[in-house]
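Atoms considered below: every heavy atom in the structure, side chains included; atoms not considered: hydrogens, waters and symmetry mates. To find a chain, count down the sequence lines: A is the first, B the second, and so on, and within it residues start at 1.
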There are 2 protein chains.
Amino acid sequence: MSVVSCTPSIGRPRAFDVDTALEKALDVFWRKGYDGTSLSDLTEAMGINKPSLYAAFGNKEQLFLKAIELYESRPCSFFLPALEKPTAYQVAEHMLYGAAMNMADQAHPQGCVVVQGALSCSEAAATVKEALLNRRVEGEQKLRARFEQAKLDGDLPASTDAETLARYLGTVLQGMAIQANNGATSEQLRQVAEMTLQAFPRAG
Amino acid sequence: MSVVSCTPSIGRPRAFDVDTALEKALDVFWRKGYDGTSLSDLTEAMGINKPSLYAAFGNKEQLFLKAIELYESRPCSFFLPALEKPTAYQVAEHMLYGAAMNMADQAHPQGCVVVQGALSCSEAAATVKEALLNRRVEGEQKLRARFEQAKLDGDLPASTDAETLARYLGTVLQGMAIQANNGATSEQLRQVAEMTLQAFPRAG
DNA sequence: AGATATCTGTACTTAGCGGTAAATAACCCC
DNA sequence: GGGGTTATTTACCGCTAAGTACAGATATCT
């Protein structure tokens with residue numbers, strides 16, 4: 001299923017692939033942030049003209065939001081798959097090592113576009129800033145719910161504060177995004193992940 | 001000592017206080033980031049006109065860099081004072097609790113301007129992005145040096161990897177900046193700090 | 001007081017921004 | 001092949017961006 005609308009069969013066909021163009025847009029937003037990205041940056045990277053961009057994606061804001069959707073649904077995404085692991089510890093483990101691998105991967109910009117796409121921004125970017133903020137908070141809520149379940153499953157002590165544990169993990173993951181921006185390698189991030197797991201409550 | 005140049009005695013005197021204006025500029029940059037801040041935002045907040053801004057601070061870029069200098073030299077800054085604590089554990093403790101207190105403080109924008117001022121940005125902001133990146137990396141190097149010293153002092157096990165420990169602490173601190181942006185309270189950040197310290201090697 | 005030096009306010013420049021109108025080109029269906 | 005529909009191209013819109021020229025205002029120095 002494509003993230004964007006499907007092409008109709010009548011009329012002149014698109015000369016570009018919508019999903020490929022969206023990938024390019026994501027790459028630019030990821031590197032430059034919402035405010036730092038101009039429409040010229042986008043059209044150049046996407047290989048299309050402005051009217052094509054507007055016809056296919058609405059406007060800059062909607063293009064950004066669609067790029068974020070794509071980002072989160074990509075096969076190399078690690079967050080949701082990690083939630084499926086059988087124990088809380090393994091969830092944390094896979095999430096941290098996945099982040100270490102992914103965020104410093106040279107195949108794409110470093111860090112996490114959900115963190116750095118519109119952290120501090122103009123009023124014009126208020127909508128996308130809030131959208132990203134919601135995604136971050138929702139991610140932590142999912143983590144928390146997963147840890148609550150783990151308490152019921154017995155693979156976390158009943159005394160565990162699931163909310164704080166989720167926030168701690170979220171903090172480290174978001175910090176790793178900054179570290180990747182700082183130029184940290186996957187191996188260096190892996191060591192941070194290892195250390196983080198030392199503060200993680202084991203099955204009890 | 002003022003962060004900016006001193007006023008000459010001859011000629012018409014300035015009608016505004018340079019340091020107060022710089023505080024206002026810092027506040028705007030902190031909330032909106034470098035790319036998200038316009039000169040109109042700045043002059044409005046600072047209560048001066050553009051020619052006065054340019055005469056006093058050079059240009060937008062130099063104004064930003066001076067605002068960062070001010071940010072780091074402010075009395076409520078917690079990083080450097082924490083480095084002076086007698087043991088590695090106390091250094092980490094003061095830094096984490098200081099960050100928890102400071103980053104969610106409602107008296108100023110949330111988070112840390114060194115983290116969020118120009119994380120992802122346009123090419124026009126490349127200089128300030130690099131300046132902030134250098135500050136983050138230098139901060140971690142100072143932490144690392146402090147932990148190396150702690151190993152000599154015997155308050156960290158000789159087997160400790162000071163570099164990784166510094167990076168772990170830096171990761172959590174930077175993550176806390178994002179958390180503060182997410183709306184986390186000082187109390188919530190304090191709990192994260194507490195948890196972080198559990199992974200911290202005790203005197204051995 | 002006059003000369004000199006600096007600051008202030010208004011008005012301006014140039015360039016780029018996000019977004020769009022209108023003409024043309026390429027496709028499907030009949 | 002013609003009509004209907006959609007995409008592409010080019011050129012443009014109004015607006016705001018960062019930065020500045022210049023004239024007038026206000027201080028010190030002699």
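Picking from C:dT10, C:dC27, D:dT6 the nucleotide with the shortest atom distance to the side chain of A:Ile10 gives D:dT6. In this structure, of C:dT20, D:dA18, D:dA27, it is C:dT20 that holds the atom nearest to the side chain of A:Tyr54.
When the C1' atom of C:dG18 is taken as reference, atom CZ of A:Phe57 falls 17 Å away, rounded to whole Å. Straight-line distance from the CD atom of B:Gln62 to the P atom of D:dA18: 15 Å, rounded to whole Å. A straight line from CG of A:Leu53 to C1' of C:dT20 spans 13 Å, rounded to a whole angstrom. Per the geometry, CZ belonging to A:Arg14 stands 16 Å off C1' belonging to D:dT9, to the nearest Å.
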Show me the protein contacts with nucleotides 23-25 of chain D, counting only N or O atoms at under 3.5 Å.
residue	atom	partner	partner atom	Å
D:dA25	N3	B:Arg12	NH1	3.1

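With hydrogens and angles left out, the side-chain atoms of B:Thr87 and B:Gln90 include a donor and acceptor closer than 3.5 Å. Looking at B:Asn134 and B:Glu130, their side chains never bring a donor and an acceptor atom within 3.5 Å of each other.
Cation-pi geometry between B:Lys129 and B:Tyr34 is not met at under 6.0 angstrom from the ring centre and within 45 degrees of the axis.
Contacts of A:Pro51 with the nucleic acid, taken as non-hydrogen atoms under 4.0 Å apart, include base atoms. No engagement by A:Ala55 is indicated, since no non-hydrogen atom pair under 4.0 Å with the nucleic acid exists.
Of the listed residues (A:Leu189, A:Thr171, A:Val172), just one forms a side chain to side chain contact (heavy atoms under 4.5 Å, CB included) with B:Thr171, and that residue is A:Val172.
The stretch residues 30-48 of chain B has no heavy atom under 4.0 angstrom from DNA chain C at all.
Salt bridge absent: A:Lys85 and A:Glu93 never bring a charged side-chain N and a carboxylate O closer than 4.0 Å. The existence of a salt bridge linking B:Glu194 and B:Arg190 is confirmed by a sub-4.0 Å separation between a basic side-chain nitrogen and an acidic carboxylate oxygen.
Neither OP1 nor OP2 of D:dT8 sits under 4.0 Å from any side-chain N or O of A:Asn49. Regarding contacts with the backbone of D:dT8, a side-chain N or O of A:Ser52 is found under 4.0 angstrom from either OP1 or OP2.
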*Would you please test A:Lys142 and A:Glu138 for salt bridge (Lys or Arg N to Asp or Glu O under 4.0 Å) and show each step?*
CA-CA 6 Å; A:Lys142 284 187 183 122; A:Glu138 279 165 20; 5.0 Å; no

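Of the possible donor and acceptor atoms, none in the side chain of B:Lys32 sits under 3.5 Å from a partner among the backbone N and O of B:Asp41.
Judged by atom type and distance alone, A:Lys50 reaches the base of C:dG19 through a side-chain donor-acceptor pair under 3.5 Å.
For B:Glu140, the side chain to side chain contact (heavy atoms under 4.5 Å, CB included) partners two or more places apart in sequence, or in a different chain, are A:Gln179, A:Asn182, B:Arg167, B:Gln174.
Each of A:Asn59 and A:Pro13 was matched to the nucleotide of DNA chain C holding its nearest heavy atom; the match closer to the 5' end belongs to A:Asn59.
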